[in-house]
Structure formats: C-alpha cells, structure tokens
Amino acid sequence: MSSTKKGFFITLEGGEGAGKSTQQMRMVEWLKRHGKTVVEAREPGGTHVSEQIRQLLLDTHNDGLGATTELLLMFAARSQLLQQVIRPALASGDVVVCDRFTDASYAYQGGGRQLGADAVETLAELVHHDIQADLTLLFDMPVELGMSRVAGRGAADRIEVESVAFFQRVRDAYLERAAKDPLRFRVIDANRDQDQVWEQVQSILEAGLGL
Ligand code: Z5A
C-alpha cells in the first residue's frame with residue numbers, strides 16, 4: 001500500500017460473465033456488516049465524465065475506434081475516477097471496491113487488442129504511479145462458459161462482440177499478470193456455484209483485511 005493513502009483498495013477482474021458484479025454486491029454488504037465504510041466503483045465509469053466515456057467505448061456504432069484510442073479512453077475515464085472517487089476515499093481510510101481497474105487494460109488492450117504491456121504501463125505510470133490495488137480478485141473461467149452466461153441478456157456491446165480468440169488472449173493476459181504478482185492477486189475458480197465462490201471470496205477478505 002502506498003504511503004499516501006490509509007484505505008484499502010480491492011479490485012475485481014475477469015472475463016465477461018465471470019460473476020464479478022454478483023460477488024461485488026455480496027462483498028460490499030459483508031464489509032459494511034463488519035463496520036467498514038465502503039466506496040463502490042466500476043470501470044470504465046463511476047463519475048459523470050467517466051460514464052460518458054463508457055458510453056463512447058461500448059457503443060457498437062463506434063466500430064472504427066482504434067485500439068490506442070480505446071486504451072487512452074480507458075485511462076481518461078480512470079484518471080477522472082481516481083481524482084473524484086478513489087483517491088479521496090482511500091485518503092479517508094475507506095475500503096474501495098472497484099469492478100475492474102488497470103489490470104483490465106493489460107488484459108483487454110494489452111492482450112486482447114495486442115497493444116502489449118509496455119503501452120499500458122506507460123499510461124499507468126502517468127495516471128496512478130502512486131496507487132495500486134492492495135488486493136485483486138481474478139475470477140477465472142473458460143471463455144466459452146463465461147460468454148454463455150451472458151448470451152441471453154440482450155444486445156452485445158462493442159467489446160462483447162469480439163471473438164473467442166480475443167477473449168482467450170484476455171484470459172491468458174490476466175493469468176500471466178496474476179502469476180507475476182501472487183501477493184496481490186487471488187485467482188478464483190469462477191466456474192462453481194455462487195455460494196461456493198462467495199465462500200472463497202469471504203475467506204480471502206478475512207485474511208486480507210484481518211477480519
Ligand atoms: N474494459 C477494457 O477493455 N479495458 C479496461 O481497462 C476496462 C474495461 C476497465 C466493461 O463492461 C467492458 O470494458 C468489459 C471490459 C472492458 N468488456 N467486456 N467484455 P462491463 O463492466 O459492463 O462488463 P463486464 O465487466 O464484462 O461484466 P459482466 O459481463 O456483467 O460480467 P460479471 O460482472 O463478471 O458477471 P455478473 O454480471 O456478475 O454475472 C453474469 C451472469 O452470470 C448473471 O446472469 C449472473 O446471475 C450469472 N452468474 C454469476 N455468477 C454465477 C455463478 N457462479 N454461476 C452461474 N451463473 C452466475
């Protein structure tokens with residue numbers, strides 16, 4: 001944890017349909033019951049400006065958006081979220097729970113779009129050299145299974161329409177990052193029922209926060 005903050009920063013990562021939002025709801029409720037002040041966020045999004053950038057990013061009409069433009073927009077949304085939400089909350093000692101953060105840029109833009117890790121690292125250094133997640137839960141499952149979970153929920157957005165090969169690169173990039181930083185990452189087998197996944201999440205939180 002950086003010396004400039006007192007709070008605790010938890011991020012949730014994984015492919016689509018991995019169950020992040022489902023587990024985030026349980027986490028937040030559980031943390032509050034344990035007396036924590038919790039600030040929730042999601043990426044891209046979480047502020048007025050960042051939600052507008054999210055719309056740009058996910059709109060299927062923007063099919064000509066270049067990979068580098070996409071990466072820059074992810075970091076523009078992130079920079080605003082850090083300024084308005086994450087930095088103040090951590091400075092106040094809160095627990096911040098964020099559905100995706102910079103690891104998603106390494107996975108989707110670095111891996112999926114094949115921009116590579118160096119481009120992402122350069123922007124991460126610029127935007128939040130002083131802030132890193134304290135704990136990252138990576139919800140991992142086979143790509144096709146995740147896609148089948150979300151298949152019935154309406155029109156796919158601009159990123160969801162990507163190929164299985166794209167999402168396989170995303171998964172590989174996530175697992176590679178997790179292997180390089182085992183102290184921060186916990187890889188969770190997301191291909192189990194919600195209660196089994198939650199049981200593991202809960203024990204990770206207990207250990208991570210000393211509860
Ligand atoms: N993106 C990026 O490219 N670069 C970046 O830097 C960042 C993001 C920050 C954001 O979309 C997109 O932006 C995302 C990555 C990209 N694109 N994709 N693809 P989002 O936030 O709207 O989408 P998402 O993060 O992929 O969310 P999701 O698809 O909703 O997945 P989820 O939150 O992990 O899953 P869920 O909503 O909790 O569950 C999905 C369904 O499965 C739902 O019906 C649940 O009831 C069900 N579910 C959940 N858990 C289970 C279990 N255990 N068993 C069975 N069914 C389950």
Side-chain angles (χ1 to χ4, degrees), residues 11-28 40-47 50-51 53-60 62 65-82 85-86 97-115 117 119-124 127-128 133 136-171 173-174 177 188-202:
T11 57
L12 292 82
E13 299 283 0
E16 62 164 351
K20 298 180 306 302
S21 315
T22 306
Q23 295 296 327
Q24 177 159 342
M25 276 192 284
R26 296 180 83 154
M27 279 173 67
V28 169
E40 275 189 89
R42 70 164 180 183
E43 281 215 334
T47 72
S50 311
E51 288 292 331
I53 297 172
R54 178 188 178 89
Q55 282 178 26
L56 271 175
L57 280 161
L58 300 186
D59 187 344
T60 48
N62 295 332
L65 201 74
T68 301
T69 311
E70 182 179 274
L71 176 65
L72 290 167
L73 286 171
M74 291 294 175
F75 271 95
R78 179 165 300 136
S79 178
Q80 197 63 26
L81 181 69
L82 279 156
V85 178
I86 296 177
V97 180
C98 195
D99 188 343
R100 300 192 183 280
F101 192 61
T102 296
D103 294 304
S105 299
Y106 280 99
Y108 282 81
Q109 283 68 51
R113 300 281 188 226
Q114 299 180 291
L115 288 176
V120 184
E121 200 173 335
T122 300
L123 291 171
V127 171
H128 61 89
T136 297
L137 307 181
L138 173 55
F139 294 87
D140 178 62
M141 65 188 296
V143 168
E144 287 91 341
L145 288 176
M147 290 171 101
S148 73
R149 276 190 191 171
V150 298
R153 71 175 174 192
D157 66 38
R158 197 185 58 82
I159 297 177
E160 285 170 344
V161 297
E162 286 299 333
S163 63
V164 172
F166 172 91
F167 289 111
Q168 190 58 53
R169 289 196 295 277
V170 169
R171 184 185 185 199
Y174 267 135
R177 275 189 77 66
I188 292 165
D189 175 4
N191 189 21
R192 295 174 295 164
D193 75 44
Q194 290 183 18
D195 289 342
Q196 286 176 311
V197 174
W198 168 242
E199 231 171 80
Q200 188 181 354
V201 170
Q202 196 179 327

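Order of listing sets the numbers, starting from 1, for every ligand and every atom in it.
Side chains of Met27 and Leu12 form a contact here, defined as non-hydrogen atoms less than 4.5 Å apart. Considering only heavy atoms from C-beta on, Val120 comes within 4.5 Å of Ser105 through its side chain. In this structure, Leu73 and Leu65 have side chains that are in contact, with non-hydrogen atoms separated by less than 4.5 Å. Side-chain atoms of Val201 and Phe139, non-hydrogen and from C-beta on, do get closer than 4.5 Å to each other. Side-chain contact between Val161 and Phe166 is absent, with no heavy-atom pair separated by less than 4.5 Å. Two residues are said to be in side-chain contact when any heavy atoms from C-beta on lie closer than 4.5 Å; Cys98 and Val85 fail this criterion. When side chains are defined from C-beta on, Asp195 counts as touching Arg26, because their heavy atoms get closer than 4.5 Å.
Ligand 1 has no N or O atom lying under 3.5 Å from any N or O atom of Asp99, backbone or side chain. Looking at ligand 1, you'll find an N or O of Gly19 within less than 3.5 Å of one of its N or O atoms. Considering backbone and side-chain atoms alike, Glu70 places every N or O at 3.5 Å or more from each N or O of ligand 1.
In this structure, Arg78 is part of the shell of residues with a heavy atom less than 4.0 angstrom from ligand 1. At a 4.0 Å cut-off, at least one heavy atom of Gly17 sits close enough to ligand 1 to count as contact. Under a 4.0 angstrom heavy-atom cut-off, Phe167 registers as being in contact with ligand 1. Proximity of Arg192 to ligand 1 is established by a heavy-atom distance of less than 4.0 Å.
Closest heavy-atom approach to atom 24 (P) of ligand 1 within the set Met74, Glu16, Arg100: this belongs to Arg100. Between the choices Glu13, Arg153, Glu160, the shortest heavy-atom distance to atom 28 (P) of ligand 1 belongs to Arg153. When Thr22, Leu57, Val197 are ranked by how near their heavy atoms come to atom 36 (P) of ligand 1, first place goes to Thr22.
Shown in contact with Gln109 at under 4.0 Å from a heavy atom are these atoms of ligand 1, numbered in order with element: 2 (C), 3 (O), 4 (N), 5 (C), 6 (O). Residue-ligand proximity, Asp193 to ligand 1, at heavy-atom distances under 4.0 Å covers atoms 53 (N). Atom numbering of ligand 1 starts at 1 in the shown order; those under 4.0 Å from a heavy atom of Glu43 are 9 (C). With ligand atoms numbered from 1 in the order given, ligand 1 contributes 11 (O), 20 (P), 21 (O), 22 (O) to contacts under 4.0 Å with heavy atoms of Arg54. Near Ser105, meaning under 4.0 Å from one of its heavy atoms, ligand 1 places the atoms 5 (C), 6 (O). Heavy-atom proximity to Ala104, at under 4.0 Å, picks out these atoms of ligand 1: 4 (N), 5 (C), 6 (O), 7 (C), 9 (C).
The protein heavy-atom contact nearest to atom 51 (C) of ligand 1 is Arg149 NH1, 3.3 Å. For atom 17 (N) of ligand 1, the nearest non-hydrogen atom of the protein is Ile159 CG2, 3.6 Å. Scanning all protein heavy atoms for the shortest distance to atom 48 (N) of ligand 1 gives Gln194 NE2, 3.9 Å. For atom 27 (O) of ligand 1, the nearest non-hydrogen atom of the protein is Lys20 NZ, 3.8 Å. Closest to atom 13 (O) of ligand 1, if we only count protein heavy atoms, is Pro44 CD, 3.7 Å. Looking at atom 33 (O) of ligand 1, its nearest protein heavy atom turns out to be Ser21 OG, 2.5 Å. Ranking protein heavy atoms by distance to atom 12 (C) of ligand 1, first place goes to Leu58 CD2, 4.1 Å.
Screening Arg113, Arg100, Glu162, Arg169 for a side chain to side chain donor-acceptor pair (under 3.5 Å) with Tyr108, the sole residue that qualifies is Arg100.
Annotation: the span from Glu40 atom CD to Met25 atom CE amounts to 9.0 Å, rounded to 0.5 Å.
Ion pairing of Arg192 with Glu199 is absent here, as no side-chain N (NZ or NE/NH1/NH2) approaches a carboxylate O to less than 4.0 Å. Ion pairing between Arg177 and Glu13 fails under the 4.0 Å rule for side-chain N and carboxylate O.
Under a 3.5 Å cut-off, the side chain of Ser148 and the backbone N or O of Leu145 do form a donor-acceptor pair. Judged by distance alone, the side chain of Arg42 and the main-chain N or O of Asp99 form no donor-acceptor pair under 3.5 Å. Remark: side-chain polar atoms of Asn191 are not paired, donor with acceptor, to backbone N or O of Met141 under 3.5 angstrom. Proximity of a side-chain donor or acceptor of Glu43 to a complementary backbone N or O of Phe75 within less than 3.5 Å is not detected.
At a distance under 4.0 Å, a protein heavy atom can be found next to atom 15 (C) of ligand 1.
The residue Glu162 has no part lying near ligand 1, judged by heavy-atom distances below 4.0 Å.
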